[in-house]
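Just so you know, these numbers come straight off a predicted model, no measurement behind them. In what follows, chains carry the letters A, B, and so on, assigned in the order in which the sequence lines appear, proteins first and then strands, with residues in each chain numbered from 1.
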There are 2 protein chains.
Amino acid sequence: MAKLTSLKSEKRLLDRRAADQIRAHILEGVLPAGERLLETQLSEELEVSRGTVRSALAQLANEGLVQQVAFTRWEVSGTSTVDAWEIYTLRGALEGLGARLAAANVAEADGARLRGLADDLLHAIREGRFQDATSIDFDLHTAIIELARHERLAEQHRFIVQQVRFHMVQSGFLPKDYEELIAEHKALIEAVIAGDADKAEKLARNHNEAEVKLLAQLMKQGGGAKRTRVKAS
Amino acid sequence: MAKLTSLKSEKRLLDRRAADQIRAHILEGVLPAGERLLETQLSEELEVSRGTVRSALAQLANEGLVQQVAFTRWEVSGTSTVDAWEIYTLRGALEGLGARLAAANVAEADGARLRGLADDLLHAIREGRFQDATSIDFDLHTAIIELARHERLAEQHRFIVQQVRFHMVQSGFLPKDYEELIAEHKALIEAVIAGDADKAEKLARNHNEAEVKLLAQLMKQGGGAKRTRVKAS
DNA sequence: TATTTGCTGATTGCTGACAATCAAGCAAAA
DNA sequence: TTTTGCTTGATTGTCAGCAATCAGCAAATA
């Protein structure tokens, strides 16, 4: 039997697809922080009912991209310095665990794949395709997480990576030292491939350390709690 | 003016309150794993419309307590050995980070509070009130997480603690060595109070290590992937 | 002028009804 | 005996409309 592609992707529920569209707009920066979202307007643009839009917005609220003021309004969330610090520290903990487990699971083929991605990253940077580089960077980290074979960790990681993207879009944040970035990735990958769990974990955690320290300093200075996300319950 | 208590608590949206009720039933074990949930039945029992129930179920699906088979059914999730392993490893990583940050933030009053909780735990165990002991155990860990002053970490932690409870209810899992438990808590608390971040992190992570190792062994033996949670997207 | 009060338009919260989809059972064909 | 196609009853997915609530403004009051 020829290999058929599942139709489930077509059949995704309407509210999920609505959420996808709105999410894409937010992560591309089309909808800036604080932008108000009207249920009726969205339902007209997406050609679905208000209830469906509502369900989509609830999902995005769970992802932290949107916040709800009961009976009053929906708006695109903003990320303060404090938020960024939270995101990067959490990322360190999650990727630390991921790298540790990945090192215990790694097989031949995995190593090739990781090294391939690192190569892609190198070329993208050398050729000045920084957009691509960022994307490959995320792919690389996600590939390591996949090796951990830990569904919940993978889900949390998707979540936190999305938050990182969100923050980068809003703040215009970009890595400052690409050479350092390459070297750190290289070291991390080799530690994973070598099966050195302790080293892999340590490298994964240190990977964000520079940003975390910078952000911690900014927090002390500016108190930067401008737009904190409120809990939606 | 006399001090009035906010009405906001009363004003929680209906779907949230519906979710609370269903969640409570699940976490008390009234609804066992695999139990089918009918939207119409729930809407009659809770005296709200089906749409509201739907929204509540969607929230619970996000929390992993319930899973959805599109166009077909909702059911209470089950937790396999693999799930338990995931939960405890994630918990270790999160509480490790929490303990580290808590040690950096701790103040006088906090130390007293922590020691008080540890005392309560001790008494509960000595007096055989194991139900209470479990509850205090969670409170203690949560108190440490709060000291980290990290909103996202706190939210993830709430989430993972709920998963732990969920798993305990379904598997009848209980701590085996209460003396050890007390000693570990004592050491962790004192490390936090002393501001020793490295030690606090290490102790927090080791706190689950026995369970993790046991579960990892069970995984190898039984392959126990009976009822894994499927991704709801 | 400053403050309070009541009104109004706009927006979200919730509901009941209709449409789409599915699992299960049965009968006919192979 | 197995497969296929159909029917049916039940259940979920989506929609449009009514109810509850809010922010803002204008009138009233001091």
Could you write nucleotides 8-20 of chain C as a row of B, S and -, 5' to 3', where a protein heavy atom under 4.0 Å of any base atom gives B, of only sugar-phosphate atoms gives S, and otherwise -? ---SBBSB-B---
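Using cut-offs of 30° and 60° on the angle between ring planes, the pair A:H207 and A:H185 is tilted.
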Chi angles and distances behind the side-chain contact (heavy atoms from CB on, under 4.5 Å) call for A:W85, B:H150: CA-CA 9 Å; A:W85 174 83; B:H150 191 307; 3.5 Å; yes
Take A:H157 and A:V161, measure what side-chain contact (heavy atoms from CB on, under 4.5 Å) needs, and give me the verdict at the end. CA-CA 6 Å; A:H157 187 255; A:V161 164; 3.4 Å; yes
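Between B:D20 and B:R23 there is a salt bridge, since at least one side-chain N of the basic residue sits less than 4.0 Å from a carboxylate O of the acidic one. A salt bridge does not link A:D15 with A:R54: every distance from a Lys NZ or Arg NE/NH1/NH2 to an Asp or Glu carboxylate oxygen is 4.0 Å or more.
Residue B:E75 contributes atom CD, which lies 15 Å from atom P of D:dT11 at whole-angstrom precision.
The end-to-end axis angle of the helix from C:dT1-D:dA30 to C:dA30-D:dT1, rounded to 10 degrees and based on five pairs per end, is 10°.
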Per-pair distances, 0.1 Å, donor-acceptor, side chain in residues 105-114 of chain B, under 3.5 Å, sequence neighbours excluded:
residue	atom	partner	partner atom	Å
B:N105	ND2	B:L147	O	3.0
B:N105	ND2	B:A148	O	3.4
B:D110	OD2	B:A107	N	2.9

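The closest donor-acceptor contact from the side chain of A:E86 to the backbone of B:E151 lies under 3.5 Å.
Put simply, CD on B:E63 and CD1 on B:I26 are 9.0 Å apart, with the number rounded to the nearest 0.5 Å.
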